[in-house]
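Just below is one structure, and these are the notes that go with it.
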There are 2 protein chains.
Amino acid sequence: MTETEERPYHHGSLRDELLSTAEQTLREHGQDELSLRELARRAGVSHAAPRRHFRDRQALLDALAITGFERLGAQLETAIEAADDGFSPRLHATVGAFVRFATRDAALLELMFSTKHRDGAEEVREAAAAAFGPLPGLMEQGQAEGLLAAGTSSRAGIMLLATVLGIATLINGGMVGSERLDELVDAAVDQFLRGNRPS
Amino acid sequence: MTETEERPYHHGSLRDELLSTAEQTLREHGQDELSLRELARRAGVSHAAPRRHFRDRQALLDALAITGFERLGAQLETAIEAADDGFSPRLHATVGAFVRFATRDAALLELMFSTKHRDGAEEVREAAAAAFGPLPGLMEQGQAEGLLAAGTSSRAGIMLLATVLGIATLINGGMVGSERLDELVDAAVDQFLRGNRPS
DNA sequence: ACCTGAACACCGTTCAAGT
DNA sequence: ACCTGAACACCGTTCAAGT
């Protein structure tokens, strides 16, 4: 009945399984504990098998960052769609979704925005760009509604992201108590609106 | 004449030497390439010798983060003292000093604000708090000069720090081109002032 | 008090060989 | 096309022993 009693020689979906158990290990034990050999063991496969799917350890980390950005992008989109049509509710929904993602999965966030992707790993940056794709449109809506000053849509999106990313980083690193999360997020949105409204 | 021709059995200042070559390796090759054994080799000492000074690898990383915060704090202080007396020039100087530190030494910045220090490593958080000690006072000066709204000195400092930290993270990770650094820093200060001025 | 040298268990990576 | 098994060079960590 069950098809998992005896594993076939060809695993079938080894790449996906490695990625998902890697994500779990990253969340529960951090990046340092993440070893290719351990992942192979958990998948019931030889230690050299992952080599077929990930050139090296860094390639696995890059892939984790990419799927992270994909999930983040999906959550941002969902949040925007679920919110009311106006700029302000959409802005709040977006910021809230980002911060929820960022604090729920601290180690993944760190990996996604890590310096390691600076060289090579163009795909990671593309995934990041795709995840934040909805932002400029949202900023333009804010301008159209007269809530944001004109001519800042790209910069404003980066500024908003930078602020909430910074807040999440400070909290994830233990530099700021997590009980201040909501207060700071509200302040970020507030400061953003006040700081970028038309004069 | 030279006293380094033959190393004595007792190194003398092994801890300091390990830390400073570790800092260099971190800057040039990243955290992954940082190995205790390699540091020991470079110091001309057995691989087990660092154990006397750092309980394990994480303890070395913590120490690096601490000295990083100490240097950052010193640079912030110097910048404030060198600036004109007013709030605005001091604010610009502080932000500029932080961003310079953050982008010059990306791997160190990452280590300093890493999730790893969340558990244990209370000293790292104390070092961080000490480095940012001048911020609340600066915010109070802004309030006294009527440029910042009252009652936000702690929160305002965190917000400012979060925004510039986020900008540095985005640039260090390659998500935003480094040619936008000055533009974004100016925008951060501008948005901060507009967003927190008294109504 | 500080350092050495051997030992242990673990990695990532490579490569010929198997299915 | 995908996986195995042995091999290599490297780790971090521990501990008895040296100075």
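Just so it is clear, the values below take in all heavy atoms, side chains as well, and ignore hydrogens, waters and symmetry mates. Every chain is numbered from 1 and lettered A, B, ... according to where its sequence line falls, protein lines coming before strand lines.
- Spacing between atom CD of A:Gln31 and atom P of C:dG12 amounts to 12 Å, rounded to whole angstrom units.
- Residues B:Ser46 and A:Leu34 each lie close to DNA chain C; by heavy-atom proximity, the contact nearer the 5' end of the strand is made by B:Ser46.
- The phosphate of D:dC3 (OP1 or OP2) has a side-chain N or O of A:His53 nearer than 4.0 angstrom.
- When each of C:dC3, D:dC3, D:dT13 is scored by its nearest atom to the side-chain atoms of B:Asp56, the top-ranked nucleotide is D:dT13.
- Out of D:dT14, C:dT13, C:dC3, the shortest distance to the side chain of A:Leu36 is found at C:dT13.
- B:Arg57 comes within 4.0 angstrom of the backbone, heavy atoms only, and of no base.
- Base-pair partner of C:dG12: D:dC8 (Watson-Crick or G-U wobble, both distances under 3.5 Å).
- At a cut-off of 3.5 angstrom, the base of C:dT13 holds at least one donor-acceptor pair with the side chain of A:Arg37.
- Side chains of B:Thr25 and B:Arg42: a donor-acceptor N/O pair is present below 3.5 angstrom, by distance only.
- Other residues, nucleotides and ligands place no more than 12 heavy atoms under 6.0 Å from the CZ atom of B:Arg104.
- For B:Gln58 and D:dG12, the CD to P distance is 13 Å, given to the nearest whole Å.
- We find that CG of A:Leu39 is positioned 13 Å from P of C:dT13, with the value rounded to whole Å.
- Regarding A:Phe54, its CZ atom lies at a distance of 15 Å from the C1' atom of D:dC3, rounded to whole Å.
- Rounded to whole Å, the distance from CZ on A:Arg15 to P on D:dC3 is 13 Å.
- Ring geometry for B:Phe98 versus B:Phe113: interplanar angle over 60°, hence perpendicular rather than tilted (30 to 60°).
- The interatomic distance linking B:Glu38 (CD) with D:dC10 (P) rounds to 10 Å, in whole Å.
- Under a 4.0 Å N-O distance rule, the pair B:Glu145/B:Arg90 does not qualify as a salt bridge.
- Considering only side-chain N and O atoms, B:Ser35 lies under 4.0 angstrom from the phosphate OP1 or OP2 of D:dC11.
- Contact annotation: B:Arg41 reaches the phosphate of D:dC11 (side-chain N/O to OP1 or OP2, under 4.0 Å).
- In this model, the phosphate group of C:dT13 is not approached by any side-chain N or O of A:Arg51 to a distance below 4.0 Å at OP1 or OP2.
- Which of C:dC2, D:dT4, D:dT13 sits closest to the side chain of B:His47 comes down to D:dT13.
- Rounded to whole Å, the distance from CZ on A:Arg52 to P on C:dT14 is 12 Å.
- The separation between B:Glu33 atom CD and D:dA9 atom P is 19 Å, rounded to whole Å.
- By the 4.0 Å N-to-carboxylate-O rule, A:Asp105 lies close enough to A:Arg71 to be salt-bridged with it.
- Across all strands shown, C:dG18 pairs with D:dC2; the Watson-Crick or G-U wobble distances both stay below 3.5 Å.
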